[in-house]
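Quick one: this structure, given as structure tokens, is what I'll be asking you about.
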Amino acid sequence: MNLKERLISQGYDQVDILLIDNEQNQSTIANLSLHKITDLEYKLYLEPESLKYEFNGDHPHFIAEQKEEDGKAKQIRGYILEW
């Protein structure tokens with residue numbers, strides 16, 4: 001199950017995603033309407049096979065490798081902010 005399908009199955013429809021890397025750099029991807037996005041992993045530059053989900057706590061998030069412009073990858077956490 002891909003990230004979009006997993007979020008929809010958890011009851012999310014429209015979300016913001018707060019991305020934090022290992023060096024505590026933060027960025028927010030705002031106003032994502034999940035039903036309108038075809039490939040969320042591509043939009044967030046994620047390696048699909050690296051995704052791990054943590055939706056059963058107070059701070060639902062996923063962990064994944066994110067591709068950088070130079071071709072390297074860094075580990076990020078994506079916190080789901082529903083509004």
Side-chain angles (χ1 to χ4, degrees):
M1 184 178 298
N2 67 29
L3 180 57
K4 171 188 160 180
E5 291 169 347
R6 183 66 62 114
L7 290 171
I8 290 172
S9 74
Q10 293 291 318
Y12 296 105
D13 180 21
Q14 195 153 346
V15 299
D16 294 345
I17 298 178
L18 172 64
L19 299 175
I20 304 174
D21 68 15
N22 289 340
E23 295 159 2
Q24 302 304 312
N25 297 317
Q26 299 181 12
S27 62
T28 301
I29 314 302
N31 198 20
L32 293 172
S33 180
L34 296 174
H35 294 283
K36 294 181 180 178
I37 296 172
T38 54
D39 191 343
L40 186 55
E41 288 88 347
Y42 179 78
K43 182 173 181 63
L44 299 176
Y45 304 104
L46 303 179
E47 297 286 351
E49 62 278 352
S50 70
L51 279 162
K52 296 180 181 107
Y53 306 99
E54 297 289 334
F55 292 137
N56 294 328
D58 291 339
H59 306 287
H61 66 279
F62 59 87
I63 300 169
E65 296 290 322
Q66 185 180 51
K67 297 176 240 173
E68 296 181 327
E69 291 179 11
D70 61 5
K72 295 180 183 178
K74 63 181 175 183
Q75 187 176 65
I76 61 154
R77 289 182 185 266
Y79 290 90
I80 312 305
L81 309 172
E82 188 175 27
W83 49 273

message: Hydrophobic cluster membership, with links at side-chain heavy-atom distances under 4.5 Å among I/L/V/M/F/W/Y: are Leu18 and Tyr45 in one?
response: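 No: no chain of side-chain contacts under 4.5 Å links Leu18 to Tyr45.
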message: Heavy-atom count check: over 12 atoms from other residues, nucleotides or ligands less than 6.0 Å from Asn56 CG?
response: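 Result for CG/Asn56: open.
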CG on Asp21 to CD on Gln66, rounded to 0.5 Å: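 Going from the CD atom of Gln66 to the CG atom of Asp21 covers 8.0 Å.
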query: Got more than 12 heavy atoms from elsewhere within 6.0 Å of CG, Asp70?
result: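 Result for CG/Asp70: enclosed.
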- request: With sequence neighbours excluded, give me every ring-ring contact (aromatic ring centres under 6.0 Å, His included) pair touching residues 10-44.
  value: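 Listed once each, the pairs would be none.
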query: Can you find a pair of side-chain heavy atoms, one from Ile80 and one from Ile17, that are under 4.5 Å apart?
result: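 They are in contact (side-chain heavy atoms under 4.5 Å apart), so the answer is yes.
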Taking only distance into account, with no hydrogens and no angle test, what donor-acceptor pairs under 3.5 Å do side-chain atoms of residues 1-10 form with protein atoms, sequence neighbours excluded?
from	atom 1	to	atom 2	distance (Å)
Asn2	OD1	Lys4	N	3.2
Asn2	OD1	Glu5	N	2.8
Lys4	NZ	Ile37	O	2.7
Glu5	OE1	Asn2	N	3.4
Ser9	OG	Glu5	O	3.4
Ser9	OG	Arg6	O	2.8

task: Calculate, to the nearest 0.5 Å, the distance between atoms CD1 and CG belonging to Ile20 and Asn25 respectively.
output: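 Those atoms lie 10.0 Å apart.
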query: Roughly how far, to the nearest 0.5 Å, is the CG atom of Asn22 from the CD atom of Gln24?
result: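 Atom-to-atom, Gln24:CD and Asn22:CG are 8.0 Å apart.
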field: Contact summary for Ser50 and Glu65, nearest pair of heavy atoms
entry: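 Taking every non-hydrogen atom into account, OG-N, 2.8 Å.
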- request: Output the distance between atom CD (Glu47) and atom NZ (Lys74), rounded to the nearest 0.5 Å.
  value: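 So the gap between those two atoms works out to 13.0 Å.
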message: Once ring-ring contact (aromatic ring centres under 6.0 Å, His included) is applied, what residue pairs with a partner in residues 48-74 remain, sequence neighbours excluded?
response: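 Matches after skipping sequence neighbours: Tyr53-Phe55, His61-Tyr79.
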- request: Identify the two heavy atoms, one from Leu32 and one from Lys43, that lie closest to each other, and give their separation to 0.1 Å.
  value: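 Shortest heavy-atom separation between Leu32 and Lys43 comes out as CD2-CE, 3.4 Å.
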- request: For Ala64 and Leu46, work out which heavy atoms get closest and say how close.
  value: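 Taking Ala64 first and Leu46 second, the nearest heavy atoms are CB-CD2, 4.0 Å.
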